[in-house]
Amino acid sequence: MMNLAINVQGLERVYGSGSQRVLALQGVNLQVPAGQFVAVKGRSGSGKTTLLNCLGGLDRGNAGTIHIFAHNITHLNDAQLTEWRSKEIGFIFQSFGLLPTLSAFENVELLLRIAGIPHRQRQERARHCLELVGLGKWIEHRPYEMSGGQQQRVAIARAIANQPQLILADEATGELDTETGNEILSLFRKLVDEQLLTILLATHSNQVDEFVHQTLFLQDGRIVGS
Ligand code: ADP
Ligand code: MG
């Protein structure tokens with residue numbers, strides 16, 4: 001049987017109630033094989049961020065089941081989700097989310113510290129991951145001394161540092177110019193091909209087409225094709 005990174009059945013997410021009720025996800029079924037770079041495309045408001053948040057355990061559905069590799073995360077409580085996420089999932093956001101007073105190295109190392117990785121291992125992994133994303137010479141620089149593309153590379157190094165199997169990237173190239181965006185997309189593809197990662201990238205842009213293995217389309221909270 002194919003090794004699935006993501007297996008979602010009937011996922012629903014409702015926000016609010018009464019006249020404020022929004023069906024952000026209305027019965028999403030989704031299977032993503034391990035080792036692929038997959039885009040989830042859809043307009044603003046189609047449910048991409050809600051889907052990624054549910055997949056990474058930052059949010060919960062109101063119905064349906066979510067398996068990420070061998071883990072059924074559907075009924076985990078908050079503490080279990082946090083513990084699971086810190087080992088299994090790397091998140092990348094549009095706005096990078098780096099701490100401005102910390103160097104690139106410290107930004108990557110901090111997450112490993114929170115995950116309880118011993119000092120020596122933290123240092124080695126942070127350095128290794130920053131080299132992997134092409135920032136070997138920039139590890140002592142702070143975010144404001146780097147370009148947007150470099151900052152996103154730090155965020156990618158941070159996301160892969162704890163060796164997660166799945167990376168969830170929400171509009172990860174949304175704040176970058178086309179050329180820099182292409183560099184980041186090609187880095188994602190390289191990581192999938194060489195580090196055996198699975199990456200799910202939410203986007204509303206067509207820029208991803210030449211880099212991904214597969215594209216899924218989300219419309220009004222439903223997968224409408226691939
Ligand atoms: P996308 O990332 O594709 O732009 P979202 O997942 O952010 O889509 O939003 C999907 C739908 O859910 C939209 O209609 C949005 O307005 C609504 N929504 C998202 N977050 C919330 C929230 N916290 N409270 C209420 N409605 C929300
Ligand atoms: Mg979004």
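Computed from a predicted structure; not experimentally measured. Both counts, for ligands and for their atoms, begin at 1 and track the order of listing. Numbering of residues begins at 1 and proceeds along the displayed sequence.
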Undergrad: So how many protein N, O or S atoms does the Mg ion (ligand 2) have within less than 2.8 Å?
TA: 1
Undergrad: Show the protein residues that qualify under the rule heavy atom under 4.0 Å from an atom of ligand 1, listing them in chain and number order.
TA: Y15, V22, A24, R43, S44, G45, S46, G47, K48, T49, T50
Undergrad: Look only at the side chain of N29 and the backbone of G10, and say whether a donor-acceptor pair between them is shorter than 3.5 Å.
TA: yes
Undergrad: Measure from the side-chain N and O atoms of R85 to the backbone N and O of G56, and report whether any donor-acceptor pair falls under 3.5 Å.
TA: yes
Undergrad: Salt bridge or not between E131 and R127? Use side-chain N to carboxylate O under 4.0 Å.
TA: no
Undergrad: Assess, by modelled atom type and distance only, whether the side chains of E171 and H204 contain a donor and an acceptor separated by less than 3.5 Å.
TA: yes
Undergrad: Keeping T74 on the side-chain end and I66 on the backbone end, is there a donor-acceptor pair under 3.5 Å?
TA: yes
Undergrad: How are the rings of F91 and F93 set to each other: parallel, tilted or perpendicular (split at 30° and 60°)?
TA: parallel
Undergrad: Answer yes or no: does atom CD of Q20 have more than 12 heavy-atom neighbours from other residues, nucleotides or ligands under 6.0 Å?
TA: no
Undergrad: Under 3.5 Å, is there a donor on one side chain and an acceptor on the other for R189 and H213?
TA: yes
Undergrad: Report yes or no: does R153 contribute a side-chain atom to a donor-acceptor pair with the main-chain N or O of V133 at less than 3.5 Å?
TA: yes
